[in-house]
2 protein chains.
Amino acid sequence: MASSNTRERILQTSLALFNAHGLPSVSTHRIAAEMGISTGNLHYHFKTKRLIVEWLFRRFDDRLATIDEAGGGVRAIDDLWLALHLRFEAINEYRFVYRDMAHLESEYPETAAKSRTLMARNLLNARALCEKLAALGVINATADEAEMLALQIVFTTTCWLSFERLVTQNAASTRPSDTGLAAYYTLTLLTPYVDPQSRAYLDYLRSKYVQ
Amino acid sequence: MASSNTRERILQTSLALFNAHGLPSVSTHRIAAEMGISTGNLHYHFKTKRLIVEWLFRRFDDRLATIDEAGGGVRAIDDLWLALHLRFEAINEYRFVYRDMAHLESEYPETAAKSRTLMARNLLNARALCEKLAALGVINATADEAEMLALQIVFTTTCWLSFERLVTQNAASTRPSDTGLAAYYTLTLLTPYVDPQSRAYLDYLRSKYVQ
DNA sequence: GTCTATATGCGGATAGAC
DNA sequence: GTCTATCCGCATATAGAC
């Protein structure tokens with residue numbers, strides 16, 4: 001039916017605007033205007049802006065959960081690159097979440113709490129991943145080093161895309177946000193620890209991404 | 001005179017509130033209420049909220065510039081630890097800047113542009129620093145590795161304190177934000193490259209900060 | 001310098017007609 | 001479902017008295 005169509009368009013439009021201009025800067029008026037509908041109509045589908053944010057966050061969360069499941073089979077550096085790439089794709093599609101996290105904290109505490117839970121999950125997964133890579137001999141790292149690597153990986157996947165916008169020139173509007181490059185950058189954290197074979201793969205990526 | 005006193009108090013109060021609740025969530029009303037003055041009075045001293053933000057950012061910028069000057073003499077890992085610690089102290093005192101960077105981008109474009117300039121400066125400084133440490137033999141890294149380390153250091157100093165809030169339990173209000181720990185965490189990026197002597201210092205820090 | 005009072009606009013959200 | 005019209009509250013900012 002047309003109803004759920006509008007509902008879906010609201011979510012898509014909101015997501016695009018949140019990503020482009022930031023959660024606090026995008027009003028329900030603006031969302032409705034962008035879609036060419038009235039604010040009354042918008043509030044018929046979502047009683048509050050908060051509900052829109054919650055729905056979008058839930059999708060983000062589900063998306064990452066799916067990636068996590070599939071990512072359990074990482075056994076080598078190139079698997080890891082793919083897993084990271086997919087992860088950055090997802091984070092990029094919902095980039096408003098991490099970029100406006102401070103605002104989320106103060107205005108949408110329930111969603112922020114879920115975000116904390118997500119972060120804890122990410123840490124556990126990353127830790128398990130690094131331990132596995134160490135056990136497989138893909139990386140040569142002590143338990144402490146593996147632990148630190150896991151933290152660095154989670155830190156980077158969470159914050160890198162936001163940071164990248166600061167460094168790249170003011171082409172803030174026209175941002176393709178190369179998620180492959182982001183994945184490569186994350187992998188470089190492992191550089192000092194990888195075995196020679198994996199090292200060759202990193203060099204291959206390097207030639208691909210660094211001019 | 002009392003006038004400039006009030007002006008200063010406005011800046012201090014604004015800074016504290018921005019840090020505690022976020023730039024977009026703190027209104028001029030709230031600042032005035034917190035100080036026990038009227039909004040009219042506040043606007044007598046600062047015609048717009050934007051001016052307050054610009055003054056605070058300028059102080060932040062100056063503060064980092066001072067640290068940069070003093071930091072030119074880093075010749076060993078313990079020097080670097082001190083320099084990083086001072087830097088995190090400054091970033092922590094003005095943490096609203098990086099935490100609400102997305103909002104700064106959309107609502108205070110001029111300040112955001114200055115922030116970009118600052119970031120470029122940071123990158124150059126970090127690069128020079130890593131090259132120097134490599135030349136001194138404190139770290140054993142190729143030119144590429146030194147370059148990557150510099151990027152990682154800037155990324156970490158910029159985003160770590162924001163990320164930390166996400167990971168630590170919901171004691172978001174009562175956050176001492178251990179800047180020494182942040183500096184130690186940043187140093188761990190160098191771990192794989194340091195010479196044995198510096199390694200000993202890192203181990204000392206580790207025993208101090210990691211339970 | 002500091003106050004009270006007020007103008008103006010925007011954002012979220014609702015009422016009721018169609 | 002969708003619209004128009006409107007309410008309410010808050011935020012920035014100003015005017016004018018003290």
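It should be emphasised that the depicted structure is a prediction, and the values quoted were computed from it without experimental measurement. Here is how names work: the chains are called A, B, and so on, in the same order as the sequence lines, proteins then strands, and each is numbered from 1.
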Between protein and nucleic acid, restricted to nucleotides 9-12 of chain D and to nitrogen or oxygen atoms under 3.5 Å apart, what atom pairs and distances do you find?
residue: D:dT12; atom: OP2; partner: B:Thr28; partner atom: N; Å: 2.7
residue: D:dT12; atom: OP2; partner: B:Thr28; partner atom: OG1; Å: 2.7

- With respect to A:Leu42, which candidate in A:Ile10, A:Thr13, A:Thr6 satisfies the side chain to side chain contact (heavy atoms under 4.5 Å, CB included) definition? A:Ile10
- Query: Could you give the CG-to-C1' distance, from B:Leu42 to C:dA5, as a whole number of Å?
  - Reply: 17 Å
- Item | Below 4.0 Å: OP1/OP2 of C:dG12 and any side-chain N or O of A:Lys47 | no
- Query: For the residue pair B:Phe163 and A:Phe155, does the interplanar ring angle fall in the parallel (under 30°), tilted (30 to 60°) or perpendicular (over 60°) class?
  - Reply: tilted
Solution key, residues 31-39 of chain B side-chain donor-acceptor pairs under 3.5 Å, sequence neighbours excluded:
residue: B:Ser38; atom: OG; partner: B:Asn41; partner atom: N; Å: 3.1

- Message: Check this for me: does any side-chain nitrogen of one of A:Glu105 and B:Arg165 sit under 4.0 Å from a carboxylate oxygen of the other?
- Response: no
- Begin with the C-alpha distance, continue with both residues' side-chain angles, and end with the deciding distance and a verdict on salt bridge (Lys or Arg N to Asp or Glu O under 4.0 Å) for B:Lys114 and B:Asp61. CA-CA 9 Å; B:Lys114 281 181 193 156; B:Asp61 201 359; over 6 Å; no
- Query: B:His45 NE2 to D:dA13 P: how many Å, rounded?
  - Reply: 16 Å
- Task: Grab the CG-C1' distance between A:Leu17 and C:dG11 for me, whole Å please.
- Result: 15 Å
- Measure the distance from CG on B:Asn5 to C1' on C:dT2 and round it to the nearest whole Å. 14 Å
- Message: What is the distance, to the nearest angstrom, from the OH atom on B:Tyr44 to the C1' atom on D:dT14?
- Response: 15 Å
- Message: In this structure, how many angstroms lie between the P atom of D:dC3 and the CD1 atom of A:Ile37, rounded?
- Response: 6 Å
- In whole angstrom, give the distance that lies between atom CD1 of B:Ile10 and atom P of D:dA13. 13 Å
- Task: Determine, stepwise, if the pair B:Leu15 / B:Asn19 fulfils side-chain contact (heavy atoms from CB on, under 4.5 Å).
- Result: CA-CA 6 Å; B:Leu15 175 58; B:Asn19 282 339; 3.6 Å; yes
- Query: D:dA17 C1' sits how many Å from B:Asn41 CG, rounded?
  - Reply: 14 Å
